[in-house]
Amino acid sequence: MTTQAIFDPAKYKRTTREQWQDAAEAWHRWGTAIENWLGAATEEMLDMADVKAGSRVLDVAAGAGGQTIAAAKRVGTNGFVLATDIAPKILEYAAAEARKAGLTNVDTQEQDGEQLNVTGDLFDVAISRVGLIYFPDQHKALSQIYKALKPGGRIAAIVYTTAESNKFFSIPVSIIRRRAQLPPPLSGQPGPFSLGNPSVLEDLYKQAGFRNVQVKVVPAPVRMSSAAECVRFERESFGALHQMLSNISSQAERESVWDEIETELKQFEGPDGFEGPCEMLIGIGMK
């Protein structure tokens with residue numbers, strides 16, 4: 001009889017940091033494709049959070065900073081954006097992009113979102129783009145964000161909806177899980193679809209003290225030239241998939257897994273190229 005391993009949040013966090021350290025260059029290199037995919041949802045998030053000229057914005061789990069740059073352009077020279085992430089290497093790319101864009105209102109800091117080291121009541125808005133789902137203790141992260149906001153400040157986060165509505169990602173995950181003989185995720189464990197039900201995200205916000213909570217579903221299809229290009233994107237920049245594949249020692253077997261993923265994703269190819277199903281939730285709340 002096999003027993004399911006107990007979830008170790010400290011180990012998970014270390015592994016997550018290592019994944020993003022390793023994937024930093026690729027995530028940056030695919031930046032244009034990522035903004036084509038997530039740019040519209042990002043602008044919707046910033047609209048819903050009322051990010052405007054003069055706003056002070058905290059970006060939690062900022063990654064390579066696409067949403068950091070978008071926020072910084074909105075807040076202008078009288079505003080400020082602090083981008084934080086657990087992986088310092090990926091923040092280097094966020095800082096470089098800010099400099100390249102001529103933005104002087106951006107700072108980057110290596111910080112754990114569950115243990116934010118920021119002055120209380122400092123920020124008008126906190127944002128997080130596809131980051132909250134990966135915190136081992138999502139309630140603790142939201143509570144830390146709550147403390148960092150001014151009274152009346154707002155949180156706005158983007159997360160995936162369900163696996164069924166995000167097959168561009170859930171198909172690779174399910175194939176790798178099967179081929180690597182991995183057990184299903186534990187209940188309450190962090191992961192891409194851990195906040196996919198709108199009521200779950202809404203309840204999590206309310207438990208952290210946020211009010212006037214709203215959750216909106218937005219489509220975010222992944223459009224690329226082909227399924228093969230989408231596989232290259234995921235293979236190079238989705239560190240979690242590589243971690244799942246670590247149970248397969250044979251390089252030939254790993255290549256076979258990626259071939260199977262590409263075959264399955266070809267169902268989303270059409271005359272205009274590849275359009276992978278992806279759907280996001282944008283959740284906002286007020287302190």
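Throughout, residue positions are numbered sequentially from 1 according to the sequence presented.
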Legend entry - Side-chain heavy atoms of Val57 within contact of Val75, under 4.5 Å: yes
Legend entry - Phe238 and its ring-ring contact (aromatic ring centres under 6.0 Å, His included) partner, picked from Phe169, Trp20, Trp30: Phe169
Inset, instruction - Can you sort out the partners of Tyr146 under side-chain contact (heavy atoms from CB on, under 4.5 Å), two or more places apart, ordered by chain and number? - result: Phe210, Lys287
Inset, instruction - Could you go through the salt bridge (charged side-chain N to carboxylate O under 4.0 Å, His left out) check for Arg29 and Glu25 one step at a time? - result: CA-CA 6 Å; Arg29 180 162 31 87; Glu25 185 278 330; 2.8 Å; yes
Legend entry - Cluster check Met45, Val159: I/L/V/M/F/W/Y, side chain < 4.5 angstrom: yes
Inset, instruction - Would you sort out whether Ser256 and Arg179 count as a side chain to side chain donor-acceptor pair (under 3.5 Å), showing the intermediate values? - result: CA-CA 10 Å; Ser256 174; Arg179 295 283 293 268; 2.8 Å; yes
Inset, instruction - Go through Glu264 and Lys167 one step at a time and tell me if the salt bridge (charged side-chain N to carboxylate O under 4.0 Å, His left out) criterion holds. - result: CA-CA 10 Å; Glu264 287 298 311; Lys167 290 187 176 180; over 6 Å; no
Inset, instruction - Identify the residue among Asp124, Ile155, Leu82 that makes a side chain to side chain contact (heavy atoms under 4.5 Å, CB included) with Leu58. - result: Leu82
Legend entry - By side-chain contact (heavy atoms from CB on, under 4.5 Å) - contacts of Asp8 (at least two apart): Ala10, Lys11
Legend entry - hydrophobic_cluster_shared for Val106 and Tyr93, side chain cutoff 4.5 Å: no
Inset, instruction - Evaluate the salt bridge (charged side-chain N to carboxylate O under 4.0 Å, His left out) criterion for residues Arg223 and Glu229: first the C-alpha distance (whole Å), next the side-chain angles of each, then the deciding distance (0.1 Å), finally the verdict. - result: CA-CA 10 Å; Arg223 296 187 176 98; Glu229 184 182 19; over 6 Å; no
Legend entry - Ala83 versus Ala62, closest heavy-atom pair with distance: CB-CB, 3.7 Å
Legend entry - Note, Phe193 side chain near Ile133 side chain (heavy atom, < 4.5 Å): no
Inset, instruction - Test Lys266 against Glu262 for salt bridge (charged side-chain N to carboxylate O under 4.0 Å, His left out), laying out the working first. - result: CA-CA 6 Å; Lys266 281 182 180 292; Glu262 182 177 336; 3.8 Å; yes
Inset, instruction - Taking the side chain as every heavy atom from C-beta outward, state whether His139 and Gln144 have any pair of such atoms under 4.5 Å apart. - result: no
Inset, instruction - Quick one: list whatever passes side-chain contact (heavy atoms from CB on, under 4.5 Å) with Glu97, sequence neighbours left out. - result: His28, Ile69, Lys100
Inset, instruction - Take Asn166 and Thr161 through the test side chain to side chain donor-acceptor pair (under 3.5 Å) and record every step on the way to the result. - result: CA-CA 7 Å; Asn166 287 277; Thr161 62; 3.1 Å; yes
Legend entry - Which residues share a ring-ring contact (aromatic ring centres under 6.0 Å, His included) with Phe268, sequence neighbours left out: none
Legend entry - Partners meeting side chain to side chain donor-acceptor pair (under 3.5 Å) with Arg74 (sequence neighbours left out): Glu43, Asp47
Legend entry - Where at least one partner belongs to residues 125-136, residue pairs that pass side chain to side chain donor-acceptor pair (under 3.5 Å), sequence neighbours excluded: Glu35-Arg129, Thr42-Arg129, Gln67-Arg129
Legend entry - CD (Glu255) with more than 12 external heavy atoms under 6.0 Å: yes
Legend entry - Pro219 side chain near Glu279 side chain, heavy-atom distance below 4.5 Å: no
Inset, instruction - For the residue pair Phe123 and Phe80, categorise the inter-ring angle as parallel (less than 30°), tilted (30 to 60°) or perpendicular (more than 60°). - result: parallel
Legend entry - Ala41 to Val218 - nearest heavy-atom pair and separation: CB-CG2, 4.2 Å
Legend entry - Cluster link Ile90 to Ile86, ILVMFWY, side chain under 4.5 Å: no
